[in-house]
Amino acid sequence: KKFYLIFLLSSCFSIFIISILNQIKEGFYKENLNNLSELIEDSIKPHCSYKFNNAVVKEFIIDIPDSRRWSRNLFTIFWKDTKVIEEKYKKRFDANIYLKKSIDEICKLPAKVRISGDWKPHIQYRNGDIISSLDVILTKGNINGITKFKLFLPSQRNGSSEVFVSLFLKEMGYLSPRSRFVKVNLNNQSYEMIFQEKATKEMIENNQLRE
């Protein structure tokens, strides 16, 4: 009888202790649910993503840290006596793209950019600056699921015709890249350009098709 009594008391005490520990653990979890990044030093923060919305998007702000080398590359192509842009000048440069998500929130997207196009008209002289169409790859994050896109000088895509035709084909049910006009600020110089996603798996998935 003593053995059974001791066993019963021990079991009750163990259940009581386990119940208290579970309550403490649950309270600790709830209290720190929104602070997991502080609890785990190596936790990976989610990539910045951006919803493309005409009512929100005001400007693409592109910063190329090595701006001097970027400008020198453009000047070399512009003054070179050839109509074709040689591959050796299409080097990729590290860049950061800043998009405003809200009044107080800026989305920073690290990227790789290079000159886009095969012909020199993709490089133009405007107001004392040499500018070009851009080929952009986002290394982290996305814009409506888009990670690879072009920023064209409008004159090289027949201006608004490019955007109109893209929208028209999409409405007709054809596979067409998302395109629109955007304001681009590149190293503190502003231009109007055409944003157009590249023909990649993200474009196919956006049209509910399999690769």
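Predicted model only: the values in this text are computed from it and were never measured.
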Under a 4.5 Å cut-off applied to non-hydrogen side-chain atoms, are E197 and I143 in contact? no
Donor-acceptor under 3.5 Å (R178 side chain, I146 main chain): no
Hphob cluster co-occupancy, L167 + Y174, side-chain heavy atoms under 4.5 angstrom: no
Nearest 0.5 Å please: distance from the CD1 atom of I61 over to the OG atom of S190. 8.5 Å
Under 3.5 Å, side chain of S176 to main-chain N/O of S166, donor-acceptor pair present? yes
Whether F93 and W70 hold their rings parallel, tilted or perpendicular, with breakpoints at 30° and 60°: perpendicular
Is any side-chain heavy atom of P154 less than 4.5 Å from a side-chain heavy atom of F181? yes
Give every residue pair that meets the salt bridge (charged side-chain N to carboxylate O under 4.0 Å, His left out) criterion with at least one member in residues 143-158, sequence neighbours excluded. D135-K150, R157-E162
F152 and H122, any side-chain heavy atoms less than 4.5 Å apart: yes
Regarding K90 and D118, does a basic nitrogen lie under 4.0 Å from an acidic carboxylate oxygen? yes
CZ/F75 to CD1/I130 distance, rounded to the nearest 0.5 angstrom? 4.0 Å
Tightest non-hydrogen contact, residues N96 and P110, listed as OD1-CA, 3.7 Å
Can you name the closest pair of heavy atoms from I123 and S132 and give their distance? CG1-CB, 3.8 Å
If we only count heavy atoms from C-beta on, is the S116 to L134 side-chain gap below 4.5 Å? no
Nearest 0.5 Å, what's the CG-CZ distance between D66 and R72? 7.5 Å
Is there side-chain contact between I131 and Q189, with heavy atoms separated by less than 4.5 Å? no
F78 atom CZ: more than 12 heavy-atom contacts under 6.0 Å: yes
Check: I77 and K88 side chains under 4.5 Å, non-hydrogen atoms: no
Are Y125 and I85 joined in one hydrophobic group, where the rule is that I, L, V, M, F, W and Y side chains link up if heavy atoms are under 4.5 Å apart? yes
Taking salt bridge (Lys or Arg N to Asp or Glu O under 4.0 Å) as the criterion, tell me which of R69, K112, R114 meets it with D94. K112
Let me check something: do I194 and L169 share a hydrophobic cluster, defined by ILVMFWY side-chain heavy atoms less than 4.5 Å apart, either directly or through other members? no
Just verifying a value: how many Å separate I62 CD1 and L109 CG, rounded to the nearest 0.5 Å? 10.5 Å
Dump the intermediate steps for side chain to side chain contact (heavy atoms under 4.5 Å, CB included) on F195 and L151, then the final yes or no. CA-CA 5 Å; F195 172 99; L151 290 170; 4.1 Å; yes
Shortest non-hydrogen contact from V113 toward V136: CG1-CG2, 3.9 Å
Heavy atoms of A111 and I97 approach each other most closely as CB-CD1, 4.1 Å
Atom OG of S67 and atom CG of L74: how far apart are they, to the nearest 0.5 Å? 11.0 Å
Pairwise distance CD(Q124) to CD(Q156) - rounded to 0.5 angstrom: 5.5 Å
Given side chain to side chain contact (heavy atoms under 4.5 Å, CB included), test M203 with L175 step by step and report yes or no. CA-CA 9 Å; M203 187 184 82; L175 191 62; 3.8 Å; yes
Does the side chain of L138 reach to within under 4.5 Å of the side chain of F149, using non-hydrogen atoms? yes
Of all heavy-atom pairs between S179 and V163, which one has the smallest distance, and what is that distance? O-CG1, 3.8 Å
Residues that D63 engages under side-chain hydrogen bond (donor to acceptor under 3.5 Å, both in side chains), provided they are two or more places apart: none
Residues two or more places apart in sequence or in another chain: which of them pass side-chain contact (heavy atoms from CB on, under 4.5 Å) with E202? T147, T200
So do the side chains of F60 and M193 get within less than 4.5 Å of each other, counting heavy atoms only? no
Give the minimum heavy-atom separation between S133 and L153, together with the two atoms involved. OG-N, 3.1 Å
Treat each ILVMFWY residue as a node, draw an edge where side-chain heavy atoms are under 4.5 Å apart, and state whether V184 and I64 are in one component. yes
